[in-house]
A.B. asks: 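Please find one structure pasted underneath; my questions will follow.
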Amino acid sequence: MTSGEHCKLGAMESKSRAYETGGERQYYLPILPIHKCKDKLLQTAREHPFFVVTGETGSGKTTQLPQYLYKAGFGKHGIIGVTQPRRVATITVAQRVAEEMDCSLGSTVGYQVRFDDCTSQKTAIMYMTDGCLLRHTLTDPNLTKFSTIVLDEAHERSLSTDILFGLLRKQFLMKCTSKRKYPLKVIVMSATLDTERLSEFFGSCPVCVIPGKVFPIKERFHNLIGPRDKDNSAYVTETVKVTLQTHLNESAGDILVFLTGQSEIEKACDVLYNKAEMIDYRHDVFDSSVDGLLILPLYGSMATDQQKRIFLPPPKGIRKCVVATNIAATSVTIEGIRYVIDSGFVKQLNHNPRAGLDVLEIVPISKSEAVQRAGRAGRTASGKCHRIYSEEFWEKCMPDHMIPEIKRTSLTSVILTLKCLEVNDVIRFPYLDAPEERFILEALRKLYQCSAIDRGGNVTDLGRFIIEFPLSPNLACALIKATSLGCEDLLLPVAAMLSVEHVFIQSGITQKQKEVEESHKTLSEMAGGDNDFATLFSIFEQCKSSDNPVLWCRKHAVHWRAVKSAFSVEKQLRDITNKLKQLKNFPVEKSDIPKNELLQRCLCAGFFSNVARRSVGRTFCTMDGNGSMVHIHPSSALFGQEASLEWILFHNVLVTSKIFVRTVCPIRYEWVKDLLPKLHDVDAYELSSVAREEVTEEELAKWESREQAKRNNEGLEASLK
Ligand code: CDP
Ligand code: MG
């Protein structure tokens with residue numbers, strides 16, 4: 001096989017011959033630092049209800065500790081539940097542990113993530129996302145199904161893990177054994193957390209440290225990105241450049257590249273692949289033992305069999321190059337990495353005050369994350385970390401630590417969860433890091449707007465219906481409305497399609513930009529050409545009735561995998577709506593809404609806070625308190641038709657230099673007229689169940705601006721009458 005073939009082989013195919021290892025097990029079992037601590041860990045587990053475990057990433061915490069516990073009998077009185085903040089990590093780790101224990105996935109070892117349950121009666125070790133465990137607490141607040149809960153990756157400080165910290169601490173303080181035969185064991189695991197604080201939080205519980213060895217790592221700043229490049233995507237090209245230089249100039253050893261998301265990673269892989277093909281391995285490459293580059297992408301929404309490949313050692317003479325999102329920083333460990341290329345950026349969900357919504361943003365990583373990334377190069381031998389940014393960028397743009405998610409995203413869903421768990425005083429809930437009070441009040445306001453809670457902050461019937469759905473409250477509301485009207489068949493496919501990632505193929509690896517755009521245009525025209533929600537509905541239905549949906553998707557530049565998961569999501573959501581319809585207090589409405597308006601009218605019931613009215617030129621002004629100016633995103637069917645529109649409803653927001661709204665449909669003012677006043681109806685402070693002694697200047701100013709918005713809205717209504 002020539003080196004050229006190797007390159008090809010490595011690039012994009014899902015199955016590669018190089019990995020067929022006959023009957024052998026397809027993984028190696030390295031000696032892990034945790035092995036030496038097994039006895040100590042088990043002893044601590046026997047003696048203490050709570051404890052913290054910390055150790056370098058890759059020391060074996062996630063894969064080994066649950067097995068130790070299981071084999072020592074901790075699973076006798078219930079499941080050993082292990083949480084992960086990330087969906088992909090949950091699945092790959094469960095797969096790995098099932099392999100190590102020589103059982104099929106879903107039997108002794110299983111996993112549960114949103115919309116995908118791979119467990120059975122037999123399951124004794126259950127990996128799940130932290131969001132899933134939070135949902136378990138709703139039906140079973142004492143977690144009676146579980147004997148042990150391991151909160152893993154605590155250093156990530158994801159929103160759900162943080163809430164679970166508080167809930168479990170409450171259980172701990174209340175010594176909540178009333179409804180449990182055996183006390184719950186709680187283990188918190190982290191790579192680099194301030195463990196003392198955590199131990200203190202859980203009543204000064206013990207901390208077990210797994211000693212690990214890290215080889216020396218040389219770090220180099222490449223000065224290709226400076227503070228002025230903070231808001232552009234120049235880092236992608238530069239990262240690819242440095243990766244290629246590394247491949248050409250460094251001795252054997254695998255490369256791990258950090259970028260931010262799927263489409264970026266696919267494009268980078270494309271470029272790397274093309275460049276690697278042109279390399280003359282006899283003359284251009286410094287290390288003569290290297291004769292090929294195997295390029296493997298790694299991101300969250302990738303198919304799991306593809307993800308598995310990244311863990312396998314590359315064929316002899318081939319250098320593996322994994323191009324990954326932040327997932328490779330701590331959640332998964334790849335052996336054999338000697339070079340890390342750090343772009344310095346990460347994709348993060350942030351609450352954007354300008355848009356008044358949560359948006360995915362690309363931001364510089366923190367210094368501690370950069371150190372963590374670099375550490376991936378020194379696991380098995382000494383390594384190097386190439387940082388494409390400058391020291392000035394490090395100093396000026398990168399914060400010391402990442403801000404926990406609880407302090408930067410919308411709290412609507414978790415506050416509703418807490419309220420349903422009868423945690424009424426959501427302000428004085430024991431948070432490890434309390435979110436700013438205004439974020440809590442904002443969440444209460446949103447919940448009040450969609451009638452999930454009443455003025456007194458109590459959960460309503462509707463709130464309890466909403467929490468049944470693993471969806472955003474807005475989407476759940478729209479779906480409930482449709483179910484009440486008996487037209488859920490219209491909304492279920494839409495809700496499912498909005499819940500899966502990446503329905504539309506972006507140009508890149510196989511298709512050209514123009515062709516892709518044309519295909520998507522045809523799709524929206526098939527659905528009437530002026531409603532992105534209807535397009536999603538039509539894709540779903542056409543695929544469902546197609547004899548060959550795979551071909552259909554390929555022809556229309558749609559990801560079949562996404563539509564296939566939407567089918568399964570739709571079924572699960574349908575099960576929930578069927579269950580709700582059986583309830584005595586579930587509302588049934590009669591209406592004379594014309595058929596062609598039903599979809600939009602139901603969407604209005606859930607998304608009336610995402611409504612905008614056309615302002616000057618192509619801009620629209622949102623109707624919530626912020627009154628932001630937004631533009632229709634070019635990917636929407638309505639892009640270019642702005643002049644003929646007056647009112648629009650949108651599903652989500654993308655902030656770049658402008659605020660773009662995506663997945664849009666036109667609506668009529670009459671449909672939201674009665675709902676809009678609710679956006680300004682109640683002062684959030686009134687909703688707080690906590691007595692407030694004084695009002696600060698800032699709060700007063702906010703209150704006044706809201707009053708102003710309310711008056712504007714009234715003015716608007718008057719002008720429309
Ligand atoms: O949790 P922690 O970071 O301490 O380590 P781990 O995830 O349990 O990983 C222990 C070892 O298992 C590492 O050497 C990983 O490379 C390996 N592993 C793997 O080969 N495949 C997986 N799907 C997960 C882990
Ligand atoms: Mg781990």
Side-chain angles (χ1 to χ4, degrees), residues 19 21 24-38 41 52-70 80-101 105 109-111 113 118 125 127-130 150-158 161 187-193 195 208-215 254 256 296 298 300 302-314 320 322 324 326-338 372-373 375-381 383:
Y19 293 112
T21 51
E24 283 173 43
R25 286 236 178 134
Q26 292 206 340
Y27 61 87
Y28 35 27
L29 263 178
I31 303 207
L32 297 168
I34 198 172
H35 292 157
K36 280 198 191 133
C37 309
K38 180 176 170 185
L41 288 165
V52 177
V53 179
T54 169
E56 283 296 328
T57 317
S59 51
K61 300 183 294 299
T62 311
T63 53
Q64 307 306 308
L65 185 70
Q67 296 188 60
Y68 294 167
L69 293 168
Y70 172 71
I80 299 168
V82 189
T83 68
Q84 295 286 315
R86 295 161 197 270
R87 196 183 156 90
V88 199
T90 312
I91 302 172
T92 54
V93 158
Q95 262 172 347
R96 165 76 180 200
V97 175
E99 264 171 37
E100 285 187 19
M101 290 178 66
L105 190 60
V109 183
Y111 70 84
V113 298
C118 181
I125 301 180
Y127 287 89
M128 63 196 142
T129 51
D130 46 10
V150 183
L151 295 177
D152 198 4
E153 301 276 306
H155 57 268
E156 288 242 355
R157 299 295 309 276
S158 72
T161 294
I187 305 170
V188 179
M189 301 207 290
S190 91
T192 49
L193 193 76
T195 44
C208 298
V209 182
I210 302 168
K213 186 176 169 201
V214 186
F215 291 87
D254 298 340
L256 174 60
L296 299 169
L298 171 64
M302 231 167 82
T304 31
D305 57 332
Q306 263 181 311
Q307 280 163 15
K308 258 173 112 171
R309 296 199 311 156
I310 61 140
F311 293 106
L312 301 172
K320 179 162 78 174
V322 178
N326 214 29
I327 187 174
T330 63
S331 306
V332 302
T333 296
I334 306 155
E335 298 295 331
I337 300 294
R338 290 196 59 198
Q372 178 67 42
R373 283 184 176 185
R376 314 313 280 154
R379 284 200 19 88
T380 34

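Side-chain atoms are counted along with the backbone in the values below, which use heavy atoms only and exclude waters and symmetry mates. In each ligand, atom 1 is the first atom listed, and ligand 1 is the first ligand listed.
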A.B. asks: I'd like to check the side-chain hydrogen bond (donor to acceptor under 3.5 Å, both in side chains) partners of Thr57; sequence neighbours left out, ordered by chain and number.
C.D. replies: Gln372
A.B. asks: Do the side chain of Lys61 and the main chain of Gly55 share a donor and acceptor less than 3.5 angstrom apart?
C.D. replies: yes
A.B. asks: Salt-bridge test for Glu153 and Arg86: reply yes if a basic N is under 4.0 Å from a carboxylate O, no otherwise.
C.D. replies: no
A.B. asks: Under 4.0 Å from a heavy atom of Thr333: which atoms of ligand 1 are those, numbered in the order shown and with their elements?
C.D. replies: 15 (C), 16 (O)
A.B. asks: List every atom of ligand 1 that sits less than 4.0 Å from any heavy atom of Ser59, numbering the atoms from 1 in the order shown and giving each element.
C.D. replies: 2 (P), 4 (O), 5 (O)
A.B. asks: Using distance alone, decide if ligand 1 has a nitrogen or oxygen within less than 3.5 Å of any nitrogen or oxygen in Thr57.
C.D. replies: no
A.B. asks: Which ligand 1 atoms are under 4.0 Å away from a heavy-atom of Lys61?
C.D. replies: 1 (O), 2 (P), 3 (O), 4 (O), 5 (O), 8 (O)
A.B. asks: Considering residues at least two apart in sequence or located in another chain, which fulfil the salt bridge (charged side-chain N to carboxylate O under 4.0 Å, His left out) criterion with Arg87?
C.D. replies: none
A.B. asks: Can you tell me if Glu153 contacts ligand 1 (heavy atom of the residue under 4.0 Å from the ligand)?
C.D. replies: no
A.B. asks: Are the side chains of Leu41 and Leu65 in touch, meaning some heavy atoms are under 4.5 Å apart?
C.D. replies: yes
A.B. asks: What do you reckon, does Arg379 put a non-hydrogen atom under 4.0 Å from ligand 1?
C.D. replies: yes
A.B. asks: Under 4.0 Å, heavy atoms only, figure out whether ligand 1 is touched by the backbone of Glu56, its side chain, both or neither.
C.D. replies: backbone
A.B. asks: Of the listed options (Val53, Thr92, Thr380, Thr63), which comes nearest to atom 10 (C) of ligand 1 when hydrogens are ignored and any heavy atom counts?
C.D. replies: Thr63
A.B. asks: Please determine if Val93 has a nitrogen or oxygen closer than 3.5 Å to a nitrogen or oxygen of ligand 1.
C.D. replies: no
A.B. asks: Just by modelled atom types, is the Pro313 backbone N or O under 3.5 Å from a matching donor or acceptor in the Lys320 side chain?
C.D. replies: no
A.B. asks: Backbone or side chain, does any N or O of Gly60 fall under 3.5 Å from an N or O of ligand 1?
C.D. replies: yes
A.B. asks: Closer than 2.8 Å to the Mg ion (ligand 2), how many protein N/O/S atoms do you count?
C.D. replies: 1
A.B. asks: As an exercise, identify every atom of ligand 1 less than 4.0 angstrom from a heavy atom of Glu335.
C.D. replies: 13 (C), 14 (O), 15 (C), 16 (O)
A.B. asks: Does Arg96 reach ligand 1 with a nitrogen or oxygen that is under 3.5 Å from one of the ligand's nitrogen or oxygen atoms?
C.D. replies: yes
A.B. asks: Under a 3.5 Å distance rule, please check whether Arg376 uses its side chain to pair with a backbone N or O of Ala329 as donor and acceptor.
C.D. replies: yes
A.B. asks: Counting only heavy atoms, which portion of Leu32 has something under 4.0 Å from ligand 1: side chain, backbone, both, or neither?
C.D. replies: side chain
A.B. asks: Quick check: does any side chain N or O of Tyr127 sit under 3.5 Å from a backbone N or O of Thr62, one acting as donor and the other as acceptor?
C.D. replies: yes
A.B. asks: Considering non-hydrogen atoms only, spot the tightest contact between Ile125 and Pro66 and give its length.
C.D. replies: CD1-O, 3.6 Å
A.B. asks: In chain order, what residues pass the side-chain hydrogen bond (donor to acceptor under 3.5 Å, both in side chains) check against Asn326, with sequence neighbours excluded?
C.D. replies: Glu369, Arg373
A.B. asks: Grab the two heavy atoms, one from Arg338 and one from Ala381, that are nearest each other, plus how far apart they are.
C.D. replies: NE-CB, 4.1 Å
A.B. asks: May I have the step-by-step check of side-chain contact (heavy atoms from CB on, under 4.5 Å) for Arg96 and Phe311, ending in yes or no?
C.D. replies: CA-CA 10 Å; Arg96 165 76 180 200; Phe311 293 106; 5.7 Å; no
A.B. asks: Compare Thr62, Ile334, Ile91 and give the one whose heavy atom is closest to atom 7 (O) of ligand 1.
C.D. replies: Thr62
A.B. asks: In the structure I gave you, are the side-chain heavy atoms of Gln64 and Lys38 within less than 4.5 Å of one another anywhere?
C.D. replies: no
A.B. asks: Looking only at heavy atoms of Gly55, does any of them come nearer than 4.0 Å to an atom of ligand 1?
C.D. replies: no
